[in-house]
Protein chains: 2
Amino acid sequence: MSVTTQLQPRTPLSRERVLRAAVEIADAEGAEALTMRRLAKALGAEAMSLYHYVANKEDLLDGVVELIASEINDAVDQLGVPSAGAAWKQATRLRILTARTIFLRHPWAPHVFETRKTVSLAVVRYHDRLVGLMRDGGFSYDLAHHALHALGSRALGFSQELFDPGDGAAAGSVPAELAEQVPHLVGMLTEVAHDDPDSTLGWCDDQFEFEFGLDLILDGLDRLRTAAR
Amino acid sequence: MSVTTQLQPRTPLSRERVLRAAVEIADAEGAEALTMRRLAKALGAEAMSLYHYVANKEDLLDGVVELIASEINDAVDQLGVPSAGAAWKQATRLRILTARTIFLRHPWAPHVFETRKTVSLAVVRYHDRLVGLMRDGGFSYDLAHHALHALGSRALGFSQELFDPGDGAAAGSVPAELAEQVPHLVGMLTEVAHDDPDSTLGWCDDQFEFEFGLDLILDGLDRLRTAAR
DNA sequence: ACCTGAACACCGTTCAAGT
DNA sequence: ACCTGAACACCGTTCAAGT
């Protein structure tokens, strides 16, 4: 028995390694593949070993959120665009769209963010800087506060859609019975699908719609900002 | 053994009964209490019996969404307020705030709505009528389409918040270390909490913030509507 | 036809034990 | 100290069998 097994994890486990492995699994196979047993196997350990680094699965997911929020903070901290006065809007817009690029790499992450019960310090820090930009634009704390609520998850760069209003847009594929029940949607569907015949499936451009909604809110806030002067 | 057992369910099971019982359990104990075994027990049956009325748990939740969306449609269908021209905005606002009252009765429902993979006909129908109101206001199908995306879940009357920017607002309860890391939020917190000293905990008024965000979007859309004339 | 008991393949997690 | 095997208390679900 003097043959030392070489297949064991060379680097010891750590909370950092556990969290990074969790993100990798979710990236590769989706959030539902992220089980304690599966995660342990990826680390060359047993499920129970993980409990030395995370209190339980909720704590694991809290840590994953903290990791991704830190990734976002790292990206937006080095933007360094002017934000004084009217420039607040472009600065905020760029910051949010930059944060969004991280979620495009982790499409499972929004759902995990939304199911957290505790607040992540990195998420709070992100919002703090956002309020900073608004203050540069002359926002009162009161208006900045309402702004955070109005933006909601859009502040971090994502918006969960209940359904895609363009589903089944393969014009004419809508059953006649359904067409009678939802005439406006069918009309909308055929017209918009007609305007953009390139897109065969899922003709809603997520990025365009995100920016449309974001600009609608930012423009509205900017109007309130100048009105309050 | 001629004694017939009187404790069995008198009324036979049905999909309708199963779905209604599911809503009752979630209302009373939260969505996590809604398991197949628990649901069966509430109906005086065994878990396996439920599979004659729902294909699986996802189908059960799909049915629950359909049930609640129908409840919403029933409520908003009888509003009957004018919606022609500029009145579209008030009509839409009232409709959305009315839909919201149903979610206030089922606080677990937003999460279930957001995790659906298939679209509910009742949800589609709700949005169809919303597009109808916008058409009354002179919206192009294109603008109405962007409007649905911009509203997102707000169209149905709820907005999931990542965190409450007013948590720990018991002014002064913020550790000095945290105060240094997020100065703007702490400043915002103390000022807004000061303005409204009544609220001891959770000083963010959900209803007010929902209406603020909703009006910001509706006002923006109304501006685009008139600009497009 | 409608319903069910036992069993299966998973979960997260506890506990007592290994090195 | 760090890690683990076996076991527990749950899940959703399959299957073959009851009436």
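Small disclaimer: the values here were computed from a predicted structure and weren't measured. Each chain gets a letter, A, B and so on, in the order the sequences are listed, and its residues count up from 1.
Side-chain contact annotation: A/H111 with A/Q160, donor-acceptor N/O pair under 3.5 Å absent.
Within a 6.0 Å sphere centred on CZ of B/R129, heavy atoms belonging to other residues, nucleotides or ligands number more than 12. Annotation: A/Q207, atom CD; neighbour count of heavy atoms from other residues, nucleotides and ligands within 6.0 Å is above 12.
Remark: DNA chain D takes part in the stems C:4-8 with D:12-16, C:12-16 with D:4-8, each of 3 or more antiparallel Watson-Crick or G-U pairs, criterion distances under 3.5 Å.
Side-chain rings of B/F103 and B/F113 approach one another, their centers coming within less than 6.0 Å. Under the 6.0 Å cut-off for aromatic ring centres, A/F208 and B/H146 qualify, their centroids lying closer than that.
Distance check, rounded to the nearest 0.5 Å: OG of B/S159 to CG of B/D206 gives 7.5 Å.
Whole-Å rounding puts the B/L13 CG to C/dT4 C1' distance at 12 Å. For B/L50 and C/dC3, the CG to C1' distance is 11 Å, given to the nearest whole Å. One interatomic measurement links the two molecules: NE2 of A/H52 to C1' of C/dC15, which rounds to 12 Å at whole-angstrom precision. In this structure, the CZ atom of B/R15 is 17 Å from the C1' atom of C/dC2, given to the nearest Å. Rounded to an integer number of Å, the gap from B/E46 CD to D/dC15 C1' is 16 Å.
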Seminar exercise, completed: The contact string for nucleotides 6-13 of chain C, one letter per nucleotide 5' to 3', using protein heavy atoms under 4.0 Å with B, S and - for base, sugar-phosphate only and none, comes out as BB---BBB

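Looking only at side-chain heavy atoms (C-beta outward), A/T118 and A/D59 stay at 4.5 Å or farther from each other. Using a 4.5 Å cut-off on side-chain heavy atoms (C-beta onward), A/V131 and A/H127 make no contact.
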